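In what follows, a single structure is set out as structure tokens and then discussed.
This is a predicted model, so every value here is computed, not measured. Every chain is numbered from 1 and lettered A, B, ... according to where its sequence line falls, protein lines coming before strand lines.
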Amino acid sequence: MKKSVFLGALTVAGLAAGASAAATLDDVKARGKLNCGVSTGLAGFSAPDANGEWGGFDVAVCRAVAAAVLGDPSAVEFVSTTGKTRFTALSSGEIDMLARNTTWTLSRDVDLKFTFTGVNYYDGQGFMVPKELGVSSAKELDGATVCIQTGTTTELNLADYFRKNGMNYEPVPIETNAEAQQQYLAGACDVYTTDASGLAATRATFETPADHVILPEIISKEPLGPLVRHGDDEWGDIVRWTLYALVAAEEMGITSTNVGDLSAAAGDNPEMNRMLGTEGNLGEMLGLEANWAVNAISAGGNYGEIFATNIGEETPIGLSRGLNAQWTEGGLMYAPPFR
Amino acid sequence: MSDTHAETVSYVRETMLPQQEPPASTVGPLGWAKTNLFSGWFNTVLSVLSGLFILWLAYRLLPWIISPTWQATSLNECREIIGALNKPHGGACWGVISERWKQLMFGFYPPEHYWRPVLSLILLLVALGPLLFRHLVPAKVIYFSMLYPFIAAWLLWGGTIWNPIVAILGFVIIGLSLKFLTSVLNPALALIIGVVLAVIWWVALAGTVAGGLSAVLPIGIEAIASRQFGGFMLSITIGVTAILCSLPIGILLALGRQSDLLLVKAMCVGFIEFIRGVPLITLLFVASVLLNIFLPPGTNFDIILRVIIMVTLFASAYMAEVVRGGLAALPKGQYEGADSLGLDYWQSQRLIIMPQALKISIPGIVSTFIGVFKDTTLVSIISMFDPIGLSNAIRADTAWNGVYWELFIFIGLVFFIFCFSMSRYSMYLERRLQTGHR
């Protein structure tokens, strides 16, 4: 009898917890702040400046969602997470969403019970070698010593790739990117391998970047995107469509400078009108204001602008669009219709 | 003395020679060098070689350290400045320190409130006065030391002034129940009742009372969230709290481990062995990750508080073993002497055993303190911005990506200052407590 009462109480508590978790949007609105999980520091993607203001490519996604939901891109509480704490922070409810260069994999989606709401950066594992080695392809790396971060998927990808191509390598295990830079520059390894965006950012910090080349082979798929908890699809929809609004805005030519004019009155493009809230009730369907997309785009610009200001070719990181270009320009960025 | 010898001596001095200065080669810097550096050919060779090595190090390092890059705003600018100087081995990029030293000190604490952590640090030195330098500071200051934890917490986290006052009231409840119940009950029972009452007060009533009082009389300073703590301020907050709490807990654990009461002994041994058998990182993960899952959603159990509790428990277990070493070193006669004077257990501990045992353990205790303070850098693993975590975040800024040595040298230097002062203080304390048994 007592046991069943106890179990019953547990069930009620669990249901109550589930119910409270199901209304992330209400929680965020009541709090007036979005709790967004970001990396403790990754060049170009998230970093605090001297005044403690966060900026970066992942941070921009948080700001866009905060702007769409609360109308204020600065209404974000940035919760820094490490690779080890990020998933518990999300599943325990400490953060409402995670935008921390996290690769979308089946086990994370299914087993860890998260919902990936899209991809904001298509990455892949690459190789960097000193130019003086005269290597032009990863296929020529037989017998090389490779600096590799332990305990990451890059380690497994590397083993797979070398096995597939019948080559040998000698791993130099390292813990962090900072250590890797030092080891690589000191000549402890011939090759450094990590995500291509990380390689580009690392190379940009060298005194003579031109002495190092990033090989053309990309040996893995690393789609990085924001994610939310399972079980609150309304909230997942908001994050997903905010990201799509940024992508669609670039496709339609809406920028942070002209979004004010375009949203002032309904124009000739019906899809643009629907997205910017001058026609239809898409915002209402999401549970947001009619001008949610206007706010999201005003926060940091459209996807292309965010890319250009944080990691684009004009920045020290200097990444080209590549796979992350619009689908109309040969990339993979493709927003479903706003209808 | 026989006179055979006297006849062979032609001259005997009858006046004392005036005292002379010792030879120049045995006093002053020269004499010091001769006895310490150049006594014998082997030591001379060693001294010369070491001197050359130091000179060579300085020759290679100084040009790197003395680098006019304090005004630079990015690593590339540093490189331009150094490139213009045409130095063979490059130079340090100190711009990162001059731009970010405040962040390394205070984390993301709002700059207009920097005076609060600074004031708490100054007050900490005042509060420690009666504990560390008993003969120099008036004894009355000890009352301030007792209030200090509440003042410091209020200064650092801010909020309404009623929170610390309400928290102090809990201790007043314990004191009052001890005072009035001891006459009717067993003192231990009175203490337990007092603690239970205080816990009821803190958990059930204190929040409401503080809320009500602050609604009536809103006195307070701006509240600062724990997330904004960082840098050395975070390290010192965690370190100092853990250090101050771990000593009394450790002493109690050490005594409990020697207790004749089976339950007390088993609990103390179990606690000490469990905590010492687990790495600190694991405990920190429990604090940051596991508790998040176990606690009901929406519970706001401050992360810094969780970490402080874990670090304190960790340090207490080590402290207990250090103190136990001191207790074991005391001759049995001391215990028997205390018994023969008719002192009860607590009196003999307080007056005879502990003063001696703690004196023996000073080097071990201070080593544990220093270790705990340095261990606070581990919190960067659970994404708190201690100096090491911040150095990572600073490098993530595209302007400073690639700066290593300068940041680590700065952080190392500040840590060295703190740890070295602790170590010097322990030597001073040992000398002062020296009673000549050695």
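When each of A:Ala50, A:Gly93, A:Gly41 is checked for heavy-atom pairs under 4.5 Å with chain B, A:Ala50 comes out on top.
Looking at A:Phe206, only its backbone comes within 4.5 Å of chain B, counting heavy atoms on both sides. The contact between B:Glu99 and chain A is made by backbone and side chain atoms together, counting heavy-atom distances below 4.5 Å. With a 4.5 angstrom heavy-atom cutoff, B:Tyr109 does not touch chain A via any of its atoms. The part of A:Glu94 that comes within reach of chain B is its side chain, from C-beta onward, which places non-hydrogen atoms under 4.5 angstrom from that chain. Neither the backbone nor the side chain of B:Ser74 comes within contact range of chain A, judged by heavy atoms closer than 4.5 Å. Looking at B:Trp405, only its side chain comes within 4.5 Å of chain A, counting heavy atoms on both sides. Looking at A:Phe87, there are no atoms closer than 4.5 Å to chain B (heavy atoms on both sides), in backbone or side chain.
A donor-acceptor pair under 3.5 Å links the side-chain atoms of A:Thr82 to the main chain of B:Ile381, judged by distance alone.
Every pair passing side-chain hydrogen bond (donor to acceptor under 3.5 Å, both in side chains) that includes a residue from residues 37-60 of chain A is listed here, sequence neighbours excluded: A:Asp58-A:Asn120.
Heavy-atom contacts from other residues, nucleotides or ligands closer than 6.0 Å to NZ of B:Lys102 number 12 or fewer. No more than 12 heavy atoms of other residues, nucleotides or ligands lie within 6.0 Å of CD in A:Glu314, so this atom counts as exposed by the packing criterion.
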Take A:Thr315 and B:Thr398, measure what side-chain contact (heavy atoms from CB on, under 4.5 Å) needs, and give me the verdict at the end.
CA-CA 8 Å; A:Thr315 65; B:Thr398 43; 5.9 Å; no

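Rounded to the nearest 0.5 Å, atoms CG (B:Leu291) and OG1 (A:Thr88) are 11.5 Å apart. Note that OG1 of A:Thr85 and CG of B:Leu284 are 12.0 Å apart. Values are rounded to the nearest 0.5 Å.
Counting heavy atoms from C-beta on, the side chains of A:Gln181 and B:Tyr404 come closer than 4.5 Å. Contact check for B:Asn401 versus A:Pro316: no side-chain heavy atoms found under the 4.5 Å cut-off.
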